[in-house]
There are 2 protein chains.
Amino acid sequence: MPTIKEVSELARVSQATVSRVMNGSDRVTESTRKRVMEAMKALGYRPNSAAQSLASNRSNSIGMVVSQLDGPFYGPMMAGVEDTLRQAHKHLIIAAGHGEAAAEEEAIEFLINRQVDGLILLVERLDADYLLPLNERVPTFLINHHIKGLRNQSVWIDNLNGGYQATRYLIEQGHSRIACITGQIWKQDAIDRLEGYKKAMNEAGLPIDDNWIVNSYFEVPGGIEAFDTLQARRVACTAVFATNDELAFGVMEAASEAGIVVPDDLSVIGFDDVLTATYVKPKLTTMHFPMFDMASSAARMALQWIYQKRPPAELAFQPTLVERQSVKPLTPSPSGRSDALAEQLLLSPKHPEK
Amino acid sequence: MPTIKEVSELARVSQATVSRVMNGSDRVTESTRKRVMEAMKALGYRPNSAAQSLASNRSNSIGMVVSQLDGPFYGPMMAGVEDTLRQAHKHLIIAAGHGEAAAEEEAIEFLINRQVDGLILLVERLDADYLLPLNERVPTFLINHHIKGLRNQSVWIDNLNGGYQATRYLIEQGHSRIACITGQIWKQDAIDRLEGYKKAMNEAGLPIDDNWIVNSYFEVPGGIEAFDTLQARRVACTAVFATNDELAFGVMEAASEAGIVVPDDLSVIGFDDVLTATYVKPKLTTMHFPMFDMASSAARMALQWIYQKRPPAELAFQPTLVERQSVKPLTPSPSGRSDALAEQLLLSPKHPEK
DNA sequence: CTGAAAGCGCTAACAG
DNA sequence: CTGTTAGCGCTTTCAG
C-alpha cells in the first residue's frame, strides 16, 4: 500500500500538498493538483483512514445502532441512512444493540472508538441520563425516541395520531366494537398507539373497555395469543386494531384457524406497513410507517449539522393509511348484522379443525 | 477522552506497559496489571481504535459487503456474522454493494482503508480476476459464490441438490406435470436450481419441456409474470417449483387472482424459507436455506484463519425440505383428476374478478 | 518484567 | 500557493 510520502515524492511536492489535494479544499495550483492526482493514480494510492482519523480527529463516517440487523423494520432504516450517507460520500458503520441497554452502550462505545463523527440511534433502552452526556461527546441523532433536551436532534413518527387514524378509519367503516392489541406496554410506540385508539373511541362516544384491550408483544405469536385472549374473554368485536403488522398477522392466522374469515367476519388493521403486509392474504390494511424516509431524513439532518453546522430541528412524520383488503365496512342490517358477527366470534370453537 | 499517557501516569508505569495489559498477552506482574486496570477504570479509559490500527496495522474488525441492507435474505446473513464476531470480541463493519460491480468494489476499498483484518463477501458481480488479488491484500471469504482458487475460503449451499430435492418431493407427491420458474438466469443460484429440477425430472423419466420452464427474476412480480406466462403458454401443470420464495409468493398471488386455489388446484414449492414463508396463506412449503448458520460459519472460518492461522476449508450446506401447506399430493382419480386440473388451469380466465 | 524511543500515515498550523 | 514542523494515540523493538 503506497503512502502519502511516496505520492509526494513521485509528484515532487510536500506531503502537505498531497493532503491538500486529497481534501479538495485549499488553494492548490491546477498544475500541481494535476501532478498529484496523477501520482496518486499511478501508485494506486488509497489514503489510510485510520491515519486520517487519528490526525484529524474526524473519520467521515457516522455510526448507527439498531436493535437487530435483520427484520423488516430495521432493514429499511439502515438502507435509508446508508443511501443518503453514500450520496454524501460519508460512510456508515452499523452496530447491533440487541435491544439491551448494556449491548446498546457497548455498541455506542465501539462506534465512538471508531471515531465516528456522529451517531444515529435507533434504540429503545437508553435514557436521557445516558444520551445527553453522550451528545456532548459526539453529535447524536435519535430515530423514534423521545428525549427531552434532544428534541432537535430527533426524527419521530406521530404514533398517537397513527393510532387515532387507524381507529377512526375502522369507525368510519361502521365498526364500533373495536378491540385493540398493544405491543410491550413499556414501549413508547405501544403506549402512543393505544392512546390514539382511546382518543378515537372517546371522540366517537364509544366505550373503552379494558377487556377489549390486550397487552401483548410486537410479534406474530403475540398476535395469536392476543386473539386467543380476546376469545377467552368473549370479546365480541367486529374489528381489531393491531398496533403493529406482526400482531395483525398473528391475529389473521389465529382467526383463520378458528374459522373466522378476515375481513368478512372480522376486520383487521395493522401498523407499520411492513413489506410482508402485501404478501399475506387478505393483504393487510395498515398505517404506513415511512421507515426509509425517516432514516434518510435523520441522516441528512446529521450530515448538515456535523459537517456544515446547520442547526437541526425536530422532524415529525405522519403515518398514512394504506387501504388494502383486511378491513371491510360493517353494513348494518335489519337483524343487526354486527351482533351476528359477534355471536360467531363468541361461539366459534377454537381451532376447530386442528 | 483520556489517553494511554494519562493512564500510564496515573498508574506510574510506562505507556508500553499499559499497552501490554490492554493486549492481554505479555508478561506483566499481577500487581502492576492491577494498578493499570484500576487507572483505566478510574479514568474511564477507552483505547482509540484509529491509533491502534495505525500502529498495529490491525483493527480487530472484519468487513462485510452485502447487496442490500434490507431484505429477508441479507438480514439473517448479517445477523449471523455479527453474532459470532461479537462473541469473539471482534467488530463488524458492513457496507452495501447494491448488486453492482463498481459499488461492490468501492465498498471493499472502503473497508480495506478501514483496516479491516478480513473480508466476508456476499456479492454477485465480482469475479476471480478481482477476487484473487484482493485475497492477497486481505483474507477474503465468500458466501454463496464460487471462485476457483478461493474454494477453501467459501461457504456455499448446494443449490443443485436443493432443486433436485424440491422437484423430487413434488414427484413423490404424485405430480408429473411440473413447471419451473427460475430467477435471473445469469445468477448461479438460478442455474443450479434449474439444473436440479432437470435432474429430478430426468431421473423420474419425465419430459423436460422448455415451455414449462420460465426464466424470470427473483421477486414477487417476477412470480406473477411467470405465472401469466405459463398460462399464456397454456401449460397444464399441477405443480410448480419456484426457485425462490418471492417467486412462489408471486405465483400464489397470481393464481389466487385467477381463481386457482393453492394447493388444491396447484401445488407450489419455493426455495429459501424466508421468514414470510410462514405468514402467507397457505404457508409455503419450501427448501430451507440456513442463512444465519452459513453466515456464522463463514465468520468462524474467517476468525480462525485470520487470528489463529487455522487453515480454512470449503464448507457446504444442504438445503432441507420444510413441508408446510402449499403442496398437496396429487391423488389419481378415475376420471383423471390431473387432467381436470389441467383443464381448469388452461381455461380459467385471467384475473376474472379484477 | 518494564521503560525508552521510534514510528504507523496523515493533518494542521505556521512560515514564507 | 507550498513546504516545514509537530504531533494524533498507540504499538513495538530494543535495552536493561
Side-chain angles (χ1 to χ4, degrees), chain A residues 1-37 39-40 43-61 91 109-110 112-117 137-138 307, chain B residues 1-37 39-40 43-61 91 109-110 112-117 137-138 307:
Chain A
M1 284 250 96
T3 70
I4 199 175
K5 187 149 168 277
E6 302 172 45
V7 176
S8 71
E9 284 164 357
L10 210 185
R12 316 194 123 276
V13 295
S14 71
Q15 300 182 202
T17 301
V18 177
S19 173
R20 287 190 183 101
V21 348
M22 281 174 47
N23 299 300
S25 54
D26 275 308
R27 32 293 161 83
V28 195
T29 323
E30 192 47 38
S31 66
T32 72
R33 140 172 277 108
K34 227 185 89 187
R35 238 179 30 262
V36 172
M37 297 286 256
M40 299 200 304
L43 264 35
Y45 170 74
R46 288 275 172 179
N48 176 319
S49 67
Q52 288 180 310
S53 302
L54 185 58
S56 67
N57 204 32
R58 197 164 24 73
S59 67
N60 284 313
S61 63
H91 295 293
E109 292 297 337
F110 162 65
I112 291 179
N113 293 347
R114 228 81 203 159
Q115 308 293 120
V116 294
D117 300 332
R137 294 209 278 159
V138 42
Y307 299 106
Chain B
M1 284 250 98
T3 70
I4 200 176
K5 186 149 169 278
E6 303 173 42
V7 175
S8 70
E9 285 165 357
L10 210 186
R12 314 195 124 276
V13 295
S14 71
Q15 300 181 201
T17 301
V18 177
S19 174
R20 286 191 184 100
V21 348
M22 280 173 47
N23 299 300
S25 54
D26 276 305
R27 33 290 161 84
V28 194
T29 324
E30 191 47 37
S31 67
T32 71
R33 143 172 273 109
K34 229 185 87 185
R35 233 175 39 257
V36 171
M37 298 285 256
M40 297 200 304
L43 264 36
Y45 171 73
R46 288 273 172 179
N48 176 319
S49 67
Q52 292 186 143
S53 302
L54 185 58
S56 67
N57 204 32
R58 198 166 21 75
S59 67
N60 284 313
S61 62
H91 295 292
E109 292 299 336
F110 162 66
I112 290 179
N113 292 347
R114 229 80 203 160
Q115 308 293 119
V116 294
D117 299 333
R137 292 209 279 160
V138 42
Y307 300 107

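We use all heavy atoms of the structure for the numbers below, so side chains are in, but hydrogens, waters and symmetry mates are not. Residue numbering restarts at 1 for every chain, and letters A, B, ... go by the order of the sequence lines.
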Worksheet item: Where along nucleotides 9-16 of chain C does protein come under 4.0 Å, by heavy atom, of base (B) or sugar-phosphate alone (S), with - for untouched nucleotides?
Response: BBBBBB--

Discussion item. Nearest whole Å is fine: how far is D/dG9 C1' from A/R114 CZ?
Written reply: 14 Å

Response to the item:
Taken to the nearest whole Å, CD/B/E9 to P/D/dG9 is 13 Å

Fill in: Point-to-point distance, once rounded to the nearest 0.5 Å, from CD of A/Q15 to CD of A/E9
8.0 Å

Worksheet item: Would you say B/S56's side chain and B/R58's backbone share a donor-acceptor pair under 3.5 angstrom?
Response: yes

Practice prompt. Look only at the side chain of A/S14 and the backbone of A/T17, and say whether a donor-acceptor pair between them is shorter than 3.5 Å.
Written response: yes

Worksheet item: Is any NZ, NE, NH1 or NH2 atom of the basic residue among B/E30 and B/K34 found under 4.0 Å from an Asp or Glu carboxylate oxygen of the other?
Response: no

Worksheet item: Given B/V18 and B/V13, is the side chain to side chain contact (heavy atoms under 4.5 Å, CB included) satisfied, shown in steps?
Response: CA-CA 7 Å; B/V18 177; B/V13 295; 3.8 Å; yes

